[in-house]
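Input: a single structure, listed below in structure tokens.
Owing to the predicted nature of the structure, the values given are computational and were not obtained by experimental measurement.
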Amino acid sequence: MASQIKASQATLALVLATITFAVNFSAWTLFAVMIVELKQTLNLSNTQVGILLSAPILTGALLRLPVGLLCERFSPKVLWLVQMLITIPPLLLLPAIESFTEYVFVGLLIGVSGASFTIGIRYITDWFDSDEQGTAMGVFGAGNAGAALSLILVPYISNLWGSQYIGWVYGALLLVSCVVFGVFAPSTPKYLQVKKTQQLAFYIKPLTQPNVWRFGLYYYFVFGSFLALLLWLPQYYVNAYQLSFNEASLLTLLFVTSSSMARAAGGWFADKFGARQVNWSVFWICLVCLFFLSYPPTTMTIHGVSKDVNLQIEINVWIFTLLLLVIGIAQGFGRASVYKLVNDYYPEQMGSVGGFVAMLGALGGCTLPVMFGLAVELIGVYSACFMLLYGVLACCMFLMFLAIKRERYQQRVFRAKQQNFLEMD
């Protein structure tokens with residue numbers, strides 16, 4: 001009977017946590033949809049666009065580690081309610097601001113919503129056994145689809161009432177989510193709670209280990225680049241392919257939704273086949289796609305025997321979107337498999353280690369848009385952002401190769417010691 005109650009409460013906790021995370025993620029990425037209009041209204045450069053997009057991401061990234069440590073000591077449910085109540089006031093300020101500096105400042109405040117991922121992960125891990133953690137975290141991570149909510153809701157609000165009401169609607173939406181989660185989400189009972197008698201050093205010590213930093217670098221790509229792309233894509237489609245804002249939003253919506261839904265499947269695959277195998281496959285798929293996306297529109301003149309031959313190479317919008325969808329789905333699998341790795345290595349420190357990895361990943365969403373803007377301005381082609389991602393991924397794959405090689409070496413040494421192959425006569 002107790003197991004049935006636990007199972008039903010676990011399901012309710014997962015469903016409500018996923019929905020609540022989706023609403024918070026929608027607020028966290030709100031500027032991704034507003035940026036096309038803001039770029040014209042405020043006359044922003046590509047670098048300023050990157051800074052504005054990164055403002056809320058920065059706060060959410062930096063808060064993930066301290067919030068993760070707090071989750072080891074205090075109730076994640078209570079911390080989540082506090083986080084949502086803090087996020088509401090800056091959303092209500094949006095209609096009153098007009099300058100670039102003011103938008104950056106308010107964006108930093110709205111970024112508190114980005115800490116919701118760490119809180120939610122810590123909240124649900126108490127409810128599931130180790131062989132279910134990948135699937136559970138994958139389902140919860142599908143809350144990334146909250147970005148799709150913004151792509152649908154923001155244009156609708158603007159057309160119906162005007163853009164000045166966007167902040168008010170989002171504030172109300174977050175308040176409703178806060179009330180629903182506070183009333184209906186189950187609090188973790190004492191017999192499910194992880195013992196919290198350990199000293200702070202127990203949770204901080206793993207953060208110095210190379211494995212944690214390596215997992216953080218993986219997440220920097222699979223989540224950071226996903227976040228950067230969903231922020232960057234609407235204006236990329238408008239500038240590179242001269243699409244309308246509605247068309248750009250629709251194609252970005254397709255990318256975000258498919259990638260977010262794939263995360264749930266990625267968790268199951270990580271449980272079934274192993275997180276490392278999933279990660280390695282994800283990286284290879286993304287590497288191939290990024291190679292083609294990095295190639296800028298090119299016109300070549302081949303000087304033949306009797307005449308010149310003009311050759312034009314360009315990825316049209318449909319091939320571009322297809323490659324993006326493949327990358328997005330692969331990243332969805334990768335986001336789930338990275339957190340399965342974290343749980344495999346550090347099951348008792350999911351708050352601290354999970355928060356640290358989430359922080360490094362979110363910093364990718366903060367730093368990459370700025371670097372996208374700088375790369376486009378310096379190189380002079382829109383595909384420069386994908387060249388940058390190609391380099392980041394190459395670093396991830398190189399470190400993963402070294403880590404696998406080192407681990408296999410240590411296993412051989414361990415087996416040799418067990419069989420006395422290294423003993424001296």
If you take the centroid of each ring, where Trp contributes its six-membered ring, are [Y] and [X] closer together than 6.0 Å?
X	Y	answer
F386	F292	no
F140	Y123	no
W28	F25	yes
Y339	F117	yes
F356	F215	no

Set of side-chain hydrogen bond (donor to acceptor under 3.5 Å, both in side chains) partners for Q209, sequence neighbours left out: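 Once residues adjacent in sequence are excluded, the partners of Q209 under the side-chain hydrogen bond (donor to acceptor under 3.5 Å, both in side chains) criterion are Y346.
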*Taking ring-ring contact (aromatic ring centres under 6.0 Å, His included) as the test, write out the residues that go with W168, two or more places apart.*
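For W168, no residue satisfies ring-ring contact (aromatic ring centres under 6.0 Å, His included) once neighbours in sequence are set aside.
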Assess the side chains of [X] and [Y]: does a donor N or O sit below 3.5 Å from an acceptor N or O?
X	Y	value
Y236	T252	no
N211	R214	yes
S26	S150	yes

Whether the side chain of [X] engages the backbone of [Y] through a donor-acceptor N/O pair (distance < 3.5 Å, no angle test) should be reported.
X	Y	result
S45	Q48	yes
T20	A17	no
S258	F255	yes
S260	G143	no

Side chain to side chain contact (heavy atoms under 4.5 Å, CB included) between I124 and V139, worked out
CA-CA 11 Å; I124 65 169; V139 171; over 6 Å; no
If you look at every heavy atom in [X] and [Y], which pair is closest and at what distance?
X	Y	value
C385	W232	SG-NE1, 4.1 Å
Q83	N24	NE2-OD1, 2.8 Å
R122	C71	CG-CB, 3.5 Å

Non-hydrogen side-chain atoms of [X] and [Y] separated by less than 4.5 Å:
X	Y	result
F21	N144	yes
T101	F105	no
L227	L230	yes

Q) Would you call the rings of W284 and W280 parallel, tilted or perpendicular, where under 30° means parallel and over 60° means perpendicular? A)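 If you compare the ring of W284 with that of W280, the planes turn out perpendicular.
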